[in-house]
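Single-structure report; data block below.
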Amino acid sequence: MSTKTLGWLLIIFPILGLLSWATAGLPSTPAGQIEGGYAAYATEIGSISDRIHVNMGVAAIVFTILMASFIGLRAKVLEKGKSNFAFLAGILIAIGYAGTIAENGAYSAAASLSNEGLIHESISMLTLATTAGGFGTSILALGIGFLGYSMYKNKTIHVISSSAFMLVGIIGVIGGILFYDHGLIAAYYFSLVITSVATGIEMIRTGKSE
């Protein structure tokens, strides 16, 4: 894949992914902070189950392409020489993203169950979504952090961009474990989108169409 093409993917798909989540109609208050807890959250998403199902599916596809772009960044690192951190990053990103896919599916299932009046079952799915999403995000973020470190070591991208990936990784690991169902986790998602877009712009400006 050419550097410029990879750059465009890193610009477009993080934004599309964020928009797909933002327009899904999910409650503005996370399940861990909403008044009434998971039961109130489950009740609220039941009326828009079809919309959530569509948006979660779109988000899964979009973020899959983004993860493939990160694997493409890993390939750029390996073009410059052997990197154990880049190798490990690819494995962690793949494993972690599997957890986030499970999260999307569980959210969709929770909305459908709530729409059918099965609130207790919906709460179980939301709990699964939070658990799988949190752990998956931590593993994924660790992979992103290692990717950033490998790019820093091999000078694949600017030091500011590679350092930003490392910072995103740290935020994601901590957030995925400690406060995944709270509003603070938004710091991880926004920093990931900003870092990816900034890196994409850098690659378009400096890369060649191969």
Side-chain angles (χ1 to χ4, degrees), residues 13-14 16-18 20-34 37-46 48-71 88-116 118-147 168-193 196:
F13 285 92
L16 290 178
L18 193 62
S20 64
W21 270 88
T23 60
L26 297 172
S28 57
T29 304
Q33 293 179 312
I34 193 172
Y38 277 72
Y41 194 94
T43 301
E44 192 165 340
I45 64 176
I48 52 171
S49 59
D50 290 340
R51 180 177 170 186
I52 290 175
H53 178 74
V54 171
N55 280 55
M56 291 299 101
V58 171
I61 294 170
V62 168
F63 276 115
T64 297
I65 297 175
L66 177 60
M67 293 306 110
S69 300
F70 288 154
I71 299 300
L88 184 58
I91 297 173
L92 291 172
I93 288 172
I95 295 173
Y97 190 59
T100 66
I101 289 294
E103 175 191 16
N104 283 25
Y107 258 114
S108 180
S112 296
L113 289 166
S114 175
N115 187 46
E116 295 173 7
L118 303 173
I119 301 300
H120 292 295
E121 291 81 356
S122 178
I123 293 172
S124 296
M125 283 293 104
L126 285 175
T127 304
L128 174 61
T130 301
T131 305
F135 291 165
T137 294
S138 294
I139 296 170
L140 171 61
L142 184 60
I144 291 172
F146 282 156
L147 176 61
V168 168
I170 293 171
I171 296 172
V173 169
I174 296 173
I177 295 173
L178 297 182
F179 47 80
Y180 191 72
D181 61 349
H182 288 65
L184 282 174
I185 195 63
Y188 163 72
Y189 287 113
F190 283 116
S191 62
L192 176 61
V193 169
S196 299

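When all heavy atoms are compared, the tightest approach of H182 to G32 is NE2-O, 3.6 Å. Annotation for I185 and G176: closest pair CD1-N, 4.0 Å, computed over non-hydrogen atoms. Nearest heavy-atom pair, A39 versus I119, reported as atom, atom and distance to 0.1 Å: O-CG2, 4.4 Å. Considering every non-hydrogen atom in both S191 and I171, the closest pair reads OG-CD1, 4.2 Å. Residues A60 and I101 approach most closely at CB-CD1, 3.8 Å, considering heavy atoms. Closest approach of I52 to A111, counting heavy atoms only: CD1-CB, 3.9 Å.
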Can you give each donor-acceptor pair under 3.5 Å made by side-chain atoms of residues 133-147, sequence neighbours left out, with the distance rounded to 0.1 Å?
from : atom 1 : to   : atom 2 : distance (Å)
T137 : OG1    : G133 : O      : 2.7
S138 : OG     : G134 : O      : 3.1
S138 : OG     : V173 : O      : 3.2
S138 : OG     : I177 : N      : 3.4

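A distance of 4.5 Å separates CG of L192 from CZ of F70, quoted to the nearest 0.5 Å. One finds the OG1 atom of T43 at 11.5 Å from the CG atom of N115 (value rounded to the nearest 0.5 Å). Between atom CE of residue M125 and atom NE2 of residue H120 there is a gap of 14.5 Å, rounded to the nearest 0.5 Å. Distance check: D181 CG to I34 CD1 gives 11.5 Å after rounding to the nearest 0.5 Å.
Judged as a side chain to side chain contact (heavy atoms under 4.5 Å, CB included), and not counting sequence neighbours, the contacts of L184 are F179. The side chain to side chain contact (heavy atoms under 4.5 Å, CB included) check on L178 picks up I174, with sequence neighbours excluded. The side chain to side chain donor-acceptor pair (under 3.5 Å) search around T29 returns none, not counting sequence neighbours. The side chain to side chain donor-acceptor pair (under 3.5 Å) check on T130 picks up Y38, with sequence neighbours excluded.
Side chain of S114 to main chain of I45: no donor-acceptor pair is present (N/O by atom type, distance under 3.5 Å, no hydrogens or angles). The closest donor-acceptor contact from the side chain of N55 to the backbone of W21 lies at 3.5 Å or more, if one exists at all. Side chain of S122 to backbone of L118: no donor-acceptor contact under 3.5 angstrom is found.
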Derivation and outcome, side chain to side chain contact (heavy atoms under 4.5 Å, CB included), residues F190 and L18
CA-CA 8 Å; F190 283 116; L18 193 62; 3.8 Å; yes
Determine whether Y41 and E44 satisfy the following criterion, side chain to side chain contact (heavy atoms under 4.5 Å, CB included), listing intermediate values before the conclusion.
CA-CA 5 Å; Y41 194 94; E44 192 165 340; 5.9 Å; no
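Applying the side-chain hydrogen bond (donor to acceptor under 3.5 Å, both in side chains) rule to pairs touching residues 88-113 yields H53-S108, T64-Y97, E103-Y180, sequence neighbours excluded.
Contact of the V54 side chain with the D50 side chain is not registered, since no non-hydrogen atoms from C-beta on lie closer than 4.5 Å.
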